[in-house]
Amino acid sequence: RGLGDVYKRQEFPIINSCYNRRKIMEYEIYLDMFFLVNFYMDYIIMWAVTKILKITQHVYIRRIGAAAVGALYATLIIAFRLNGAVWKIMTYAVIVLLMSFILTGKKKIRQIIGGAGLIYLFAITLGGILHVIYYYTFAGFALRGQGVSWVLVGVGGVMFAPLLQSMIKSISKRLYLEETRTVAILENKDKKIKLMALLDTGNSLYDPIFNVPVNLIESEAARKIMEDGIGMGYHLIPFASVGNESGLIPVVQFTGLTIHTSGGEFHIDKPWFALYSGRLSGKEEYNIILHPEMLHKSNKEDNNVFKSNDA
């Protein structure tokens, strides 16, 4: 039977629609099996969330801990027949936030809520797949009447895997864009312009003349504060991109650049920018692609400043 006696749930009256007769159904629930099934499902969800959030530190302990909390709480709810508004709040808010806290290890409430949102997203998706299998497939018909079994959960987990991979890829791409996209304020003398920038680790553009990293900016946006371009060190450097032939691209130096990130505000004096004639983002999500070394060069005086003849 199980680790303990069979737990008999309270009787539920059901009306038979065909004969209009009142019947009684009785469920036998094995608490140990109930815990293990819930733990298995919760672990799949925790695995997906850690993949999305790129959690690597103590990841197995975090997954097991969060899944165990969720499964243990569900088992206690069933065992002690806990019901009411307080327990609903505990179920749908407190416990999920606690699981998110254990999984992410974050102390900021916004990050904990974000993790809880992902837990709900994958839980609803997995629950929907199990529902479809149980009620609308031959496998579900064969299992019906036996309750939730390891076979059903296992089949659901296998079917969930391809969708899970697709969801992880899509959400990760969006989160990556949100994490790497930032507000940038570009300065040229007394003029400023606020643009969206992408911190791209794949940007390896360097100026061979001054040996400095070079950012990319859409020329249309840059012209708004460039004026005539005199005194900005205009010159050409070699340029190559994926799918395009190599060539030359114009480069200029602006007065300053301020980057606003979640880690704080960074200022770069005299940054170099290559003027790109097209669109950097098809959906116009950003106008600047920052070189990954920009944050390391922030607040440093020596940035190989171009000195014009006018200076």
Side-chain angles (χ1 to χ4, degrees), residues 2-15 17 22-50 52-53 55 62-136 140 143-150 152-153 156-157 160 163-164 167 171:
L3 297 179
D5 295 334
V6 177
Y7 169 75
K8 294 186 178 181
R9 196 174 179 181
Q10 65 184 47
E11 297 179 341
F12 295 91
I14 295 181
I15 304 298
S17 57
R22 193 169 182 268
K23 293 187 177 182
I24 302 297
M25 291 187 66
E26 185 179 83
Y27 294 93
E28 291 187 349
I29 299 177
Y30 298 88
L31 292 181
D32 53 343
M33 293 301 295
F34 183 83
F35 172 83
L36 290 175
V37 169
N38 275 272
F39 177 82
Y40 173 75
M41 296 175 68
D42 284 346
Y43 189 87
I44 292 176
I45 295 168
M46 299 306 114
W47 176 84
V49 175
T50 54
I52 290 290
L53 298 179
I55 298 172
R62 292 183 186 278
R63 289 173 187 165
I64 292 172
V69 167
L72 180 60
Y73 178 77
T75 304
L76 292 175
I77 288 291
I78 289 294
F80 295 100
R81 305 179 187 180
L82 304 176
N83 203 355
V86 174
W87 294 107
K88 289 186 183 298
I89 294 174
M90 286 285 294
T91 301
Y92 296 111
V94 178
I95 295 299
V96 177
L97 290 173
L98 176 60
M99 293 171 67
S100 176
F101 173 75
I102 294 172
L103 193 65
T104 62
K106 304 295 184 182
K107 295 182 179 180
K108 293 183 179 180
I109 187 64
R110 181 180 178 182
Q111 294 171 318
I112 295 174
I113 292 175
L118 287 174
I119 291 174
Y120 267 119
L121 174 64
F122 288 113
I124 292 170
T125 304
L126 179 57
I129 290 175
L130 291 176
H131 179 84
V132 170
I133 294 173
Y134 193 71
Y135 288 103
Y136 301 104
L143 292 170
R144 209 163 301 157
Q146 300 179 20
V148 178
S149 69
W150 282 106
L152 175 62
V153 176
F160 183 57
L163 178 61
L164 182 62
M167 291 176 66
I171 297 174

ask   = Between atom CG of Leu97 and atom CD1 of Ile109, what is the distance when rounded to the nearest 0.5 Å?
value = 6.0 Å
note = Closest heavy-atom pair, Leu126 versus Ile45, reported as atoms and distance to 0.1 Å, is CD2-CG1, 4.3 Å
Euclidean distance, Phe122 CZ relative to Met41 CE, rounded to 0.5 Å = 14.5 Å
remark   = When rounded to the nearest 0.5 Å, the distance separating CD1 of Ile29 from CZ of Phe35 is 15.5 Å
query = How long is the span from the CG atom in Asp42 to the CG atom in Leu103, to the nearest 0.5 Å?
reply = 11.0 Å
key: Partners passing side chain to side chain contact (heavy atoms under 4.5 Å, CB included) against Leu76 (at least two apart in sequence or in another chain)   = Leu72, Phe80
task = With sequence neighbours left out, write down each residue that passes side chain to side chain contact (heavy atoms under 4.5 Å, CB included) with Thr104, or none if nothing qualifies.
result = Leu53, Ile55, Ser100, Lys106
inquiry  = Using 0.5 Å steps for rounding, measure from the CE atom of Met46 to the CG atom of Leu118.
reply    = 10.0 Å
task = State the OG1-OH distance between Thr125 and Tyr120, to the nearest 0.5 angstrom.
result = 14.0 Å
Please list, one pair per line, the donor and acceptor atoms closer than 3.5 Å that link side chains of residues 85-96 to other protein atoms, with sequence neighbours excluded.
from: Thr91; atom 1: OG1; to: Tyr73; atom 2: OH; distance (Å): 2.9
from: Thr91; atom 1: OG1; to: Trp87; atom 2: O; distance (Å): 2.7

task = Can you sort out the partners of Thr50 under side chain to side chain donor-acceptor pair (under 3.5 Å), two or more places apart, ordered by chain and number?
result = Arg63
remark   = Residues passing the side chain to side chain contact (heavy atoms under 4.5 Å, CB included) test with Ala74, sequence neighbours excluded, are Phe34, Asn38
Donor-acceptor contacts, no H, no angles, side chain residues 110-117, under 3.5 Å, sequence neighbours left out:
none

